[in-house]
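Here is the structure we will look at, set down as structure tokens.
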Amino acid sequence: MRSTPLTLLSVVGARPNFMKLAPLARAAAGRRGIRHVIVHTGQHYDAEMSDTFFAELGIPSPDHNLEVGSGSHAAQTALIMQRFEPVCLGAAPDVVLVYGDVNSTVAAALVAAKLGFRVAHVEAGLRSRDWTMPEEINRVVTDRLADLLFSPSWDAVENLRREGVPPERVHMVGNIMVDTLVALLPRAREAGAARRLGVGDRPFVFVTLHRPNNVDSPATLRELLDTLAELATKLPVLFPVHPRTRARVAELGWTPPLTGSLRLLDPLPYVETLSLVERARLVITDSGGLQEETSYLGVPCLTVRPSTERPVTCSLGTNRLVKAERGVILAAAGEALGNARQEPRPIERWDGRTAERILEVLLGEASYQV
Ligand code: UD1
């Protein structure tokens with residue numbers, strides 16, 4: 001038993017980070033002997049991209065908000081580093097926890113490692129092998145800096161082994177997003193988001209798109225929007241639009257045709273999103289989290305990307321990669337809509353207990369070494 005509390009410092013910044021922090025914050029609060037400091041970098045700052053998630057996921061208010069806001073990759077990463085350094089020194093943590101693959105993740109890991117603090121990466125080892133994705137650079141660098149690597153799946157463990165990461169640093173703890181999903185599914189089932197949006201009990205398609213590769217090229221974005229509009233002549237298509245995408249759609253001057261039922265919505269809170277995803281007949285996305293959530297739920301998913309860092313969602317889950325081309329997407333959607341929904345196949349340690357496993361490792365109570 002430790003005589004002094006174990007000080008954990010979690011750094012989060014962007015929407016998907018919050019779903020990964022929530023279960024850990026809850027589990028840590030339920031344990032004696034842990035002090036948990038939460039730092040929000042402010043990478044995402046709109047209420048609908050940040051505050052609503054803290055509120056509905058029950059995450060305590062951050063102890064520090066670095067308020068960095070948007071900027072180029074260099075500007076944003078540099079500002080996070082500059083502002084995080086004194087906060088990190090002041091908190092004197094035993095371990096700095098970073099989550100996922102956003103700019104806040106790599107910036108905080110770099111600061112903590114250089115100050116000599118232990119770094120733990122939650123969601124370590126995922127690789128798309130697509131170096132044009134900023135997230136891939138963030139993943140590789142963060143894993144190189146981390147002392148403790150918490151992996152969600154065996155493919156991630158294998159990637160780390162091939163890269164020469166010492167096996168004693170790697171723990172296969174499962175997928176922490178699934179902890180949040182499992183905890184909030186009952187509330188999502190009661191939320192009735194589809195009814196509120198006027199879809200009732202009819203089948204519908206749920207869409208999210210925000211990757212630079214899809215939305216920053218006007219030609220690609222136009223083709224994707226036209227494809228969704230065509231699909232929406234057959235069944236409702238609900239598309240909550242990320243601020244990056246909203247700006248690009250406005251630049252194009254594109255509006256949904258009056259015929260058909262393509263609905264461009266504001267970003268949705270977590271519970272409403274989950275409520276829609278669970279009821280969707282098909283999901284079309286480029287998000288990492290949705291590939292996992294649909295696999296867990298057994299909802300067919302088309303991921304508009306050439307590769308995925310989450311291959312288990314294709315091999316065991318319901319995910320299929322598609323090109324950003326009208327014909328390809330419509331054919332794949334037609335196929336998915338024609339098939340009966342499958343029972344989901346379980347994926348090892350995607351069971352709602354990942355945060356507990358991470359705490360067991362941090363407290364020296366158990367090991368999930370590979
Ligand atoms: C970031 C992550 C991405 C993640 C996504 C989830 C990086 C490199 N990218 O992408 O991996 O999948 O978050 O949402 O870290 N904006 C707002 N309000 C906000 C936040 C952003 O309007 O609260 C707008 C700004 O115009 C900003 C743009 O969205 O320039 C992009 O934001 P940024 O955080 O740079 O990247 P995301 O595209 O959100």
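One-based numbering, in listed order, for ligands and for the atoms of each.
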Pick whichever of [options] has a heavy atom sitting closest to [atom].
| atom | options | value |
| --- | --- | --- |
| atom 25 (C) of ligand 1 | Gly288, Ser72, Gly42, Ser70 | Ser70 |
| atom 5 (C) of ligand 1 | Gln43, His210, Glu135 | His210 |
| atom 10 (O) of ligand 1 | Arg246, Met49, His44, Glu48 | His44 |

- Task: Please report the closest heavy-atom contact between Gln43 and Thr41, naming both atoms and the distance.
- Result: N-OG1, 3.2 Å
- What closest approach, in Å, do Gly352 and Val178 show between heavy atoms, and which atom pair accounts for it? N-CG1, 4.1 Å
- Message: Using a strict threshold of under 4.0 Å (side-chain N to carboxylate O), is an ion pair present between Arg353 and Glu360?
- Response: yes
- Item | Tyr296 and Leu181: CA distance, side-chain angles, deciding distance, side-chain contact (heavy atoms from CB on, under 4.5 Å) verdict | CA-CA 9 Å; Tyr296 181 86; Leu181 192 162; 3.7 Å; yes
- Message: For ligand 1, which is the ligand I care about here, please tell me if His73 has any N or O atom under 3.5 Å from one of the ligand's N or O atoms.
- Response: no
- Are any of the N or O atoms of Asn138 closer than 3.5 Å to those of ligand 1? no
How far is [atom] from the closest protein heavy atom, and which atom is that?
| atom | result |
| --- | --- |
| atom 29 (O) of ligand 1 | Arg244 N, 3.7 Å |
| atom 8 (C) of ligand 1 | Asn103 OD1, 3.3 Å |
| atom 2 (C) of ligand 1 | Val102 CG1, 3.7 Å |
| atom 17 (C) of ligand 1 | Tyr45 OH, 3.3 Å |
| atom 22 (O) of ligand 1 | Pro243 CB, 3.2 Å |
| atom 18 (N) of ligand 1 | Asp46 OD2, 2.9 Å |

- Note on the structure: Output for pair (Asn65 CG, Ile38 CD1), nearest 0.5 Å, gives 12.0 Å
- Distance, nearest 0.5 Å, that separates CH2 of Trp254 from CG of Asp226: 6.5 Å
- Query: With sequence neighbours left out, which residue pairs that include part of residues 257-269 fulfil the salt bridge (charged side-chain N to carboxylate O under 4.0 Å, His left out) condition?
  - Reply: Arg246-Asp266
- Message: Check the orientation of Phe54 and His40. Use parallel for under 30°, tilted for 30 to 60°, and perpendicular for over 60°.
- Response: parallel
- Message: In this structure, does ligand 1 have an atom that sits under 4.0 Å from one of the heavy atoms of Pro16?
- Response: yes
